[in-house]
Amino acid sequence: MNEGEGDVLDEITNMESTFYQQGYQAGYDHGKLHGLFEGRELGKEKAWELWEEIGYYEGWAGTYVDLLEGKVVEGREGRKGKDARALNHAQVLLSLIQSFPTTNPTPSQPNNTITDEPKAEADLDLANLISNIRARYKLLCSSLNVKPRLQVAQIVEVDPRSGAGASGVDGGLDGPVKGVDTSQLRF
C-alpha cells in the first residue's frame with residue numbers, strides 16, 4: 001500500500017471528527033459574536049434603568065436642598081432641627097450621587113484608560129454605592145415624612161400601527177391630560 005493511499009484512508013476515517021471540529025469552531029465563533037452583541041444590548045438597557053433611578057434621586061435631592069437651605073437660614077423655631085437634618089441627608093445623597101461613576105472602564109475600549117484612572121475609582125464597589133444611595137434616599141424621605149418611590153419607571157413602547165396605544169386615549173379631554181393614554185396612568 002502506498003503512503004499516499006494511507007493519508008487518504010486516514011482522512012476518510014477522521015472525516016466525521018474533522019467536520020465536527022469545524023462545525024463546533026464555527027458555532028463557537030458565531031455564538032461568541034452574538035453573545036457580545038446581546039451582552040452590550042442588555043448592559044445598555046440596565047444602565048438606562050439605573051441612571052433613570054439615580055437621576056430621579058439627584059433631581060429630588062437637589063430640589064429639597066434648594067427648598068431647605070432657605071428654611072434653615074431663616075431659622076423657623078420648632079422645625080429648624082428637622083430641616084437641618086433633612087438638608088444634611090439631601091447633601092450627603094447628592095455627594096454620593098456625584099461619586100457615582102459615569103464611565104465604564106472596560107478592557108474592550110480602544111485606548112484603554114484603566115491604568116490612568118485613580119486607584120479609588122478602580123476599586124469602587126458599585127453595588128455597595130447603589131445600596132448606600134438608595135438607603136440615603138429612604139432616610140431623606142423618612143426625615144421629610146414623604147413616601148419614597150421604590151420602583152424604577154418602566155418605559156412601554158407601543159407600535160403606532162398596532163392600534164394598542166390608542167385604546168385608552170380620551171380625545172375629548174382638554175388641559176394637561178389632553179391626548180394622554182389614561183390606561184397607562186397608575187394611581
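Atoms considered below: every heavy atom in the structure, side chains included; atoms not considered: hydrogens, waters and symmetry mates.
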| query | Ile130 versus Arg134: any side-chain heavy-atom pair under 4.5 Å? | reply | yes
| said: Measuring from atom CE of Met15 to atom CD of Glu11, what distance do you get when rounded to the nearest 0.5 angstrom? | reply: 8.0 Å
| query | Is the side chain of Ser142 donor-acceptor paired with the backbone N or O of Lys138 at a distance under 3.5 Å, no angle test? | reply | no
| Of all heavy-atom pairs between Phe100 and Leu50, which one has the smallest distance, and what is that distance? | CZ-CD2, 3.7 Å
| request: Report yes if some heavy atom in the side chain of Leu139 is under 4.5 Å from a heavy atom in the side chain of Val92; otherwise report no. | output: no
| field | Leu144 side, atom CG; Lys82 side, atom NZ - distance, nearest 0.5 Å | value | 11.0 Å
| task | Indicate yes or no: at least one non-hydrogen side-chain atom of Thr102 is less than 4.5 angstrom from one of Trp51. | result | yes
| request: Flag the pair Asn88 / Ser143 as yes when at least one side-chain heavy-atom distance between them is below 4.5 Å, and no otherwise. | output: no
| So does Asn145 have more than 12 non-hydrogen atoms from other groups sitting under 6.0 Å from CG? | no
| Where does the angle between the aromatic ring planes of His34 and Phe37 fall among parallel (under 30°), tilted (30 to 60°) and perpendicular (over 60°)? | perpendicular
| said: Val65 vs Glu69, test: side-chain contact (heavy atoms from CB on, under 4.5 Å). Steps then yes/no. | reply: CA-CA 6 Å; Val65 164; Glu69 279 179 340; 3.6 Å; yes
| message | With a sphere of 6.0 Å drawn around CD of Glu16, does it hold more than 12 non-hydrogen atoms of other residues, nucleotides or ligands? | response | no
| said: So, taking the atom named CZ in Arg136 and the one named CD1 in Ile97, what distance separates them when rounded to the nearest 0.5 Å? | reply: 11.5 Å
| Set of residues satisfying ring pair (Phe, Tyr, Trp, His ring centres under 6.0 Å) with respect to Tyr20, sequence neighbours excluded | none
| Any Leu140 side-chain heavy atom under 4.5 Å of Trp60 side chain | yes
| CG/Leu9 to CG/Asn14 distance, rounded to the nearest 0.5 angstrom? | 11.0 Å
| field | Residue pair Gln22 / Phe19, side-chain heavy-atom distance below 4.5 Å | value | yes
| query | Looking only at heavy atoms, what is the nearest atom pair of Ile133 and Tyr57, with distance? | reply | CG2-CD1, 3.6 Å
| Check: Glu41 and Glu45 side chains under 4.5 Å, non-hydrogen atoms | no
| said: Are the side chains of Leu87 and Tyr64 in contact, using a 4.5 Å heavy-atom criterion? | reply: no
| task | Would you please name every residue forming a ring pair (Phe, Tyr, Trp, His ring centres under 6.0 Å) with Trp48, sequence neighbours left out? | result | none
| Is there a donor-acceptor contact under 3.5 Å from the side chain of Thr63 to the main chain of Gly59? | yes
